[in-house]
Amino acid sequence: MKSVTLKQILPLLIIFVVLVLDQTSKYIVKTTMFIGQEYVVIPNWFKIHFIENEGMAFGLQLGIPGGKLLLSLFRIIAVMAIAWYLIKSIKKKEHLLKTSILALILSGALGNIIDSTLYGKIFTESSYYQVASFSPGNGYAPWLYGKVVDMLYFPIIETILPSWIPFWGGENFVFFRPVFNIADSSITIGVLLLVIFHKKWM
């Protein structure tokens, strides 16, 4: 009987942990908060701020007709490709760092695909006045048209830009402005590690 090695189990563990944390946090936020509601976790640094988006990571969108459907289908195809490559890498016992990075990217993509594919069917609508409920079959959108739940907000710097700055002088400036989720974080960390360490297994 073949023993299970760290190279085989760690990528699967990463995927499991990221998905559990991502989906648990989204479920709690979706069913207890209304759109725009927020809780201050660390003053002037970290808030739980509930928003939803129909696009890519950090609220980016494809501004074309049918962009939501195309994005959902692209995500599914991309996840299938990454999963195939990860399985192939694990079977070949390739570098543990490589398979761990692929697992981070895969789990993040899977987390947001679950939102896009299923949430429209299993949750009622969230609004600025209404908290959604878990109601399979009585959702707010068809398959593949669900909205992605975001809640992590780090407005570390919030100020008014000096008037002498061209174009943006006098405007409100927030860093870091995008609201994101654990799945987005997993993808971002995975891509950064890929850029930094890819030469280790090339």
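Not a single donor-acceptor pair under 3.5 Å links the side chain of Thr24 to the backbone N or O of Leu21. Of the possible polar contacts, none joining the Gln130 side chain to the Ser127 backbone as a donor-acceptor pair under 3.5 Å is found.
Cluster membership check: Tyr145 does not share its hydrophobic cluster with Ile77, using side-chain heavy-atom separations under 4.5 Å among Ile, Leu, Val, Met, Phe, Trp and Tyr. Grouping the Ile, Leu, Val, Met, Phe, Trp and Tyr side chains by contacts below 4.5 angstrom, directly or via other members, places Ile160 apart from Trp164. The cluster map of Ile, Leu, Val, Met, Phe, Trp and Tyr, joined by side-chain heavy atoms under 4.5 Å apart, puts Leu192 and Ile182 in different clusters. Residues Leu19 and Ile28 are members of separate hydrophobic clusters, defined by side-chain heavy-atom contacts under 4.5 angstrom among Ile, Leu, Val, Met, Phe, Trp and Tyr. If you chain together hydrophobic residues whose side chains sit under 4.5 Å apart, Leu12 and Phe16 never meet in one group.
In this pair, Tyr153 and His49 present their aromatic rings tilted. The plane angle is within the 30 to 60° band. Aromatic ring orientation, Phe46 versus Phe154: parallel (interplanar angle below 30°, classes split at 30° and 60°).
Of the inter-residue distances, the one linking Ile165 atom CD1 with Glu171 atom CD reads 10.0 Å to the nearest 0.5 angstrom. Here the straight-line distance linking atom CD1 of Ile114 with atom OH of Tyr119 works out to 7.0 Å at 0.5 Å rounding. A distance of 9.5 Å separates CG in Leu144 from CD1 in Ile113, rounded to the nearest 0.5 Å. Of the inter-residue distances, the one linking Tyr140 atom OH with Glu52 atom CD reads 5.0 Å to the nearest 0.5 angstrom. Taking CD1 from Ile51 and CE from Met151, the interatomic distance works out to 9.5 Å, rounded to the nearest 0.5 Å. To the nearest 0.5 Å, atom CG of residue Leu86 and atom CD of residue Glu94 are 10.0 Å apart.
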Test side chain to side chain contact (heavy atoms under 4.5 Å, CB included) applied to Asp150 and Asn53, step by step
CA-CA 8 Å; Asp150 291 326; Asn53 75 79; 2.4 Å; yes
Go through Asn181 and Asn112 one step at a time and tell me if the side chain to side chain contact (heavy atoms under 4.5 Å, CB included) criterion holds.
CA-CA 9 Å; Asn181 56 46; Asn112 285 335; 3.2 Å; yes
What verdict does the side chain to side chain contact (heavy atoms under 4.5 Å, CB included) test give for Leu104 and Ile187, after you've listed the backbone C-alpha separation in whole Å, the side-chain angles of each residue and the deciding distance to 0.1 Å?
CA-CA 6 Å; Leu104 280 171; Ile187 294 171; over 6 Å; no
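At least one side-chain heavy atom of Met33 sits under 4.5 Å from a side-chain heavy atom of Ile48. Two residues are said to be in side-chain contact when any heavy atoms from C-beta on lie closer than 4.5 Å; Pro11 and Ile90 meet this criterion.
Minimum interatomic distance between Phe50 and Val149 (heavy atoms only, all atoms of both residues): CE1-CG1, 3.7 Å. Minimum interatomic distance between Gly111 and Gln23 (heavy atoms only, all atoms of both residues): O-NE2, 3.1 Å. Minimum interatomic distance between Ser126 and Ala132 (heavy atoms only, all atoms of both residues): OG-CB, 3.3 Å. Between Asp115 and Lys147, the closest heavy-atom pair is CB-O, 3.7 Å. The two residues Ser185 and Phe180 make their nearest non-hydrogen contact at OG-CE1, 3.1 Å. In plain terms, the two heavy atoms of Ser186 and Ser107 that are nearest each other are OG-OG, 3.3 Å.
The side chain to side chain contact (heavy atoms under 4.5 Å, CB included) test with Ser133 singles out one residue from Ile122, Asn138, Thr124, and that residue is Thr124.
Surrounding CG of Asn172 are more than 12 heavy atoms belonging to other residues, nucleotides or ligands, all under 6.0 Å away.
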